[in-house]
Novice: 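Mind looking over this structure? Questions follow.
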Amino acid sequence: PGFDSFDQAEALDECSAAPPAAPLPSEITTHQRSLLVDAKNRFALHASVWDAAFFIGSPQLTCSDSFFVAALLLVNIIVLVVFLGIVYSVFAQENYTSDLVQRLEQWRINFGHN
């Protein structure tokens, strides 16, 4: 293609050039390695009662704040236990007797395919 100047051709070459290759593990400096380790060991806090519980009793929270977070944590645990109890009671028992299964099989054989 025709270019007006050498700068346009050079800019095109720079844009189409491949990005520099990532350094090989042997080329990583000690500082880069420590940054990678730090990034792996970090934990991001989220807006949840579970993460807020880490701060109960810390100087960043007042006594009433700590009490409120502890109360919310207790309510959360109670709701989870109730939920697990409901799930266990509904799904842990067998709802179909062998007589019902046999009658359903007979219905399917006799009427289900008509």
Side-chain angles (χ1 to χ4, degrees):
F3 294 103
D4 294 339
S5 70
F6 180 73
D7 293 336
Q8 288 178 343
E10 190 175 301
L12 181 64
D13 288 342
E14 287 176 7
C15 291
S16 62
L24 297 173
S26 61
E27 298 172 349
I28 294 176
T29 66
T30 306
H31 177 68
Q32 289 171 328
R33 194 168 304 199
S34 67
L35 289 176
L36 288 173
V37 169
D38 286 345
K40 288 181 182 177
N41 292 332
R42 289 189 183 163
F43 177 77
L45 292 175
H46 302 284
S48 73
V49 174
W50 299 104
D51 288 349
F54 286 118
F55 298 103
I56 294 175
S58 69
Q60 288 80 13
L61 297 179
T62 64
C63 286
S64 60
D65 291 340
S66 292
F67 177 76
F68 186 68
V69 171
L72 288 175
L73 183 64
L74 182 63
V75 167
N76 198 335
I77 291 171
I78 290 170
V79 167
L80 285 174
V81 168
V82 168
F83 174 73
L84 289 175
I86 291 170
V87 168
Y88 179 77
S89 68
V90 170
F91 293 113
Q93 46 185 290
E94 189 173 325
N95 293 331
Y96 302 106
T97 63
S98 59
D99 180 50
L100 177 62
V101 171
Q102 185 179 14
R103 289 188 302 160
L104 288 172
E105 285 176 353
Q106 288 300 317
W107 175 87
R108 183 169 180 207
I109 291 169
N110 295 330
F111 302 105
H113 291 288
N114 286 341

Novice: Tabulate below the donor-acceptor pairs under 3.5 Å that side-chain atoms of residues 81-92 make, not counting sequence neighbours, or state none.
Specialist:
| from | atom 1 | to | atom 2 | distance (Å) |
| --- | --- | --- | --- | --- |
| S89 | OG | G85 | O | 3.3 |
| S89 | OG | I86 | O | 3.0 |

Novice: I need the minimum non-hydrogen distance between F55 and L61, along with the two atoms involved.
Specialist: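 Closest pair (atom of F55, atom of L61, distance): O-CD1, 3.1 Å.
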Novice: What is the distance from atom CD of Q102 to atom CD of E105, rounded to the nearest 0.5 Å?
Specialist: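 If we round to the nearest 0.5 Å, Q102:CD and E105:CD are 7.5 Å apart.
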Novice: Can you name the nearest heavy-atom pair linking S66 to G57, along with the distance?
Specialist: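 Taking every non-hydrogen atom into account, OG-N, 3.0 Å.
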Novice: Working to the nearest 0.5 angstrom, can you tell me the gap between L73 CG and I78 CD1?
Specialist: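 Answer for the CG-CD1 pair, L73 versus I78, is 10.0 Å.
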Novice: Evaluate the criterion side-chain contact (heavy atoms from CB on, under 4.5 Å) for residue pair I56 and F68; output intermediate values, then yes/no.
Specialist: CA-CA 9 Å; I56 294 175; F68 186 68; over 6 Å; no
Novice: As an exercise, state the distance from CZ of F67 to CG of L74, rounded to the nearest 0.5 Å.
Specialist: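 Taking CZ in F67 and CG in L74, the distance rounds to 9.5 Å.
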Novice: Taking all heavy atoms of L72 and all of V49, pick out the closest pair and write down the distance.
Specialist: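 Looks like C-CG1, 3.8 Å.
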